[in-house]
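Data first, discussion second: the structure below is written as structure tokens.
The chains referred to below are lettered A, B, ... by the order of the sequence lines, with proteins before strands, and numbering in each begins at 1.
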Number of protein chains: 2
Amino acid sequence: MTQATIRDVAREAGLSVASVSRALNGHKSVRPETRAHVVAVADRLGYVPHAGARSLSMARSNAIGVVLPDLHGEFFSEIVRGMDREASRRGLQLLLSNMHADPAQATQALRAMRGRVDGLLIMSPQMRADGWSSAVPRGLPAVLINSSDDNGHHPALRMDNRAGAAAVARHFATIGRRSIVHVAGPDHNVDARERRDGFAEAIGREIPGALLTLLPGNFTEESGEAAARHILAENIPVDAIFAANDMMAVGCLQTLRDAGRQVPAEIAIAGFDDVPIARYLGLTTIRVGIAEIGARAVERLATMMDDEGDDAPLVEWHQPDLVVRGTTTGSAPQDKS
Amino acid sequence: MTQATIRDVAREAGLSVASVSRALNGHKSVRPETRAHVVAVADRLGYVPHAGARSLSMARSNAIGVVLPDLHGEFFSEIVRGMDREASRRGLQLLLSNMHADPAQATQALRAMRGRVDGLLIMSPQMRADGWSSAVPRGLPAVLINSSDDNGHHPALRMDNRAGAAAVARHFATIGRRSIVHVAGPDHNVDARERRDGFAEAIGREIPGALLTLLPGNFTEESGEAAARHILAENIPVDAIFAANDMMAVGCLQTLRDAGRQVPAEIAIAGFDDVPIARYLGLTTIRVGIAEIGARAVERLATMMDDEGDDAPLVEWHQPDLVVRGTTTGSAPQDKS
DNA sequence: TTGTATGCGTTATCAA
DNA sequence: TTGATAACGCATACAA
């Protein structure tokens, strides 16, 4: 009662395994009636080709490995959705694995991909590349997503955090704010660093003489609340806050409003990511086409797997968009743009 | 510059491939110095075992196939996170695939798993089991998650939609509501049907003489808005609404408040799922331990893969919890329980 | 303790 | 057009 193999089909059809293989794979050199017979027998026996054996023989698995860190809700589902869309369009399977923060585990995850996949999609914003880059199985093409630099060993897709942060700075300038606070993300995270540096630079350029205060955070809502409490307790001068992600911005927003501060009248607040909650709370933020990045990553990897030739630029920057909502303008928080 | 194979290691170490295999896999019958030598050589050559060849030889891939439909944000990431946690604990890889609504594509996805994985996790709330159940490769153990019945061919994990819906009904009874509206999900979805039927039954039991109106929906926020507009336009008597999921409840909530209705004073509103937005809007809802279900599914599948014996009950019901928030009580919507 | 040989399920090369 | 057979990379039964 186990699965039928190609040999079962061959025996039952009175043919050689070679002929069955050719018939099933649509080779031209096989008589129509033979093919029909083979297909009928295969169908009757419920034959399904063994993908493992097939990929061993063909030296190609038609699968790609996806190594992601612990991602929060929408971000995770969107990037996987984008990858899946493009992958299934190309007949590729997705082998998912977690990019643990621990280099040893990361190494393990990467090595486990050897012999299972034809290429790798690696996302590791929180770890330096030398922590894992030697673990990428030799000969496996790989595309990096929002990861710290790899010395150009692999092509990379990056969202342009600096450009997004600069857009917020320009927006703050437009609405006339001058006492700015940035709540940063964890320092080991490359996205967080770029948003912070890009923002600081843009503020200096866009709002000469502005006061910029940097507060630490770790991407959680709680750290956003803590930052807001710190602002209140220390009486830090502020008429605009840019948090390095939406969840921290939400924490700020709630805490400041609970404390009776008017948003945006007294203090404008902006985040980064455009998670669904941002829309409901009317939070100004930076939208990232995350599904598109996932799909594009698969696309680039697929071309690397097919033809060795790789003409696309090594690093591809994806531009995010500023989404202006109620927390930086007068309109109601119910705005659902 | 391609990957080294076990033969390269054997040649370089002056041993047979058998010895190298034994040394690397920790067999007892190999001299310590031999093992050390082999490990050193393997390390120097950057040898990584070819998982495909290994699984062909061992008739075991240490991977499990996960076939999910298009899931929204938090739901998707949580269930995958739960699966991944348990899978990596057991040294299993996750092969992800989309359970398309089209039976032909679903069949394809299932068949593509043959020879790649040792077991299957299948979630298909929107399609009848006969649409795909014959496509499950013979001999592959499988666990069903929130899928319509399979005639007992495979063990199943189900969230107890009826119990969740009944909890809402009891809650409505407690707060003294009598004119009830249920905004249902798509009829082809088994979760939606169970929530509707369980709710109707519980209302009959808990609130004798209550008026229950059933409105159609499709799980989207827009269909929730439409239902609310319908209620307003037709002047349907209502003091409590149970939507089959949170997104529709959110649509109702916004539309009714925009129309000037008091929630919860005039109309109480409850949803199902407890997505993150529910917390921010203070929406009463039903919380499902979705990550736990994912982890438990892997656990059950793993035991099926190891020992053939399967003693656990065929269908395992997971109980959801009622989460009472502002949309059904007097407390403020900012409640962050 | 180590080596030889076989098989896992397929595809591909070469003859027939 | 078809068949026999050698890979693919590894694990293991059996022999030495």
Side-chain angles (χ1 to χ4, degrees), chain A residues 2-38 41-42 45-63 111-118 137-140, chain B residues 2-38 41-42 45-63 111-118 137-140:
Chain A
T2 178
Q3 262 286 11
T5 76
I6 197 172
R7 276 210 281 265
D8 299 321
V9 178
R11 181 168 8 88
E12 195 76 7
L15 289 165
S16 71
V17 292
S19 293
V20 174
S21 176
R22 283 186 292 251
L24 259 22
N25 290 314
H27 276 236
K28 55 220 95 203
S29 66
V30 49
R31 278 196 322 184
E33 47 262 55
T34 308
R35 186 190 311 279
H37 182 216
V38 168
V41 171
L45 298 188
Y47 169 72
V48 182
H50 189 288
R54 170 179 263 219
S55 57
L56 184 59
S57 176
M58 302 205 300
R60 165 129 196 171
S61 65
N62 286 307
R111 291 176 44 128
M113 293 290 182
R114 144 88 169 149
R116 287 184 195 280
V117 302
D118 301 326
R138 238 190 290 288
L140 259 198
Chain B
T2 177
Q3 261 287 8
T5 76
I6 197 172
R7 275 208 284 264
D8 299 321
V9 178
R11 181 168 8 87
E12 195 76 6
L15 289 165
S16 72
V17 292
S19 292
V20 173
S21 175
R22 284 186 290 252
L24 258 23
N25 291 314
H27 275 238
K28 56 220 95 202
S29 66
V30 49
R31 277 197 321 183
E33 47 264 54
T34 308
R35 186 191 311 281
H37 182 214
V38 169
V41 171
L45 297 189
Y47 168 71
V48 181
H50 188 289
R54 169 179 263 225
S55 58
L56 185 59
S57 173
M58 302 206 300
R60 166 127 196 172
S61 65
N62 286 308
R111 290 175 45 126
M113 293 290 180
R114 143 89 170 152
R116 285 184 196 280
V117 301
D118 301 326
R138 238 190 291 289
L140 259 198

Atom-pair distance ([atom1] on [X]; [atom2] on [N]), nearest Å:
X: L15(B); N: dC10(D); atom1: CG; atom2: P; value: 16 Å
X: R11(B); N: dG9(D); atom1: CZ; atom2: P; value: 12 Å
X: D8(B); N: dG9(D); atom1: CG; atom2: C1'; value: 11 Å
X: R116(B); N: dG9(C); atom1: CZ; atom2: P; value: 16 Å
X: L56(A); N: dC8(D); atom1: CG; atom2: C1'; value: 4 Å

Of all the nucleotides listed ([options]), which has the minimum atom distance to the side chain of [X]?
X: V30(B); options: dC8(D), dT2(C), dC8(C); answer: dT2(C)
X: M58(B); options: dG9(D), dG3(C), dA11(D); answer: dA11(D)
X: N25(B); options: dA11(D), dC10(D), dT2(C); answer: dA11(D)

Kindly say if [X] contacts the phosphate of [N], meaning a side-chain N or O under 4.0 Å from OP1 or OP2.
X: T5(B); N: dG9(D); value: no
X: S16(B); N: dG3(C); value: yes
X: S21(A); N: dA12(C); value: no
X: R54(A); N: dT11(C); value: yes
X: R7(B); N: dC8(D); value: yes
X: H27(A); N: dT1(D); value: no
X: R22(B); N: dC10(D); value: no

Across the strands shown, which category fits [X] at heavy-atom distances under 4.0 angstrom: base, sugar-phosphate, nothing?
X: V38(A); result: nothing
X: A18(B); result: base
X: T34(A); result: sugar-phosphate

For dT2(D), does the base pair up with any side-chain atom of S19(A) as donor and acceptor (N or O, under 3.5 Å, distance only)? no
Heavy-atom pair of closest approach, residues D118(B) and N62(B): OD2-N, 2.6 Å
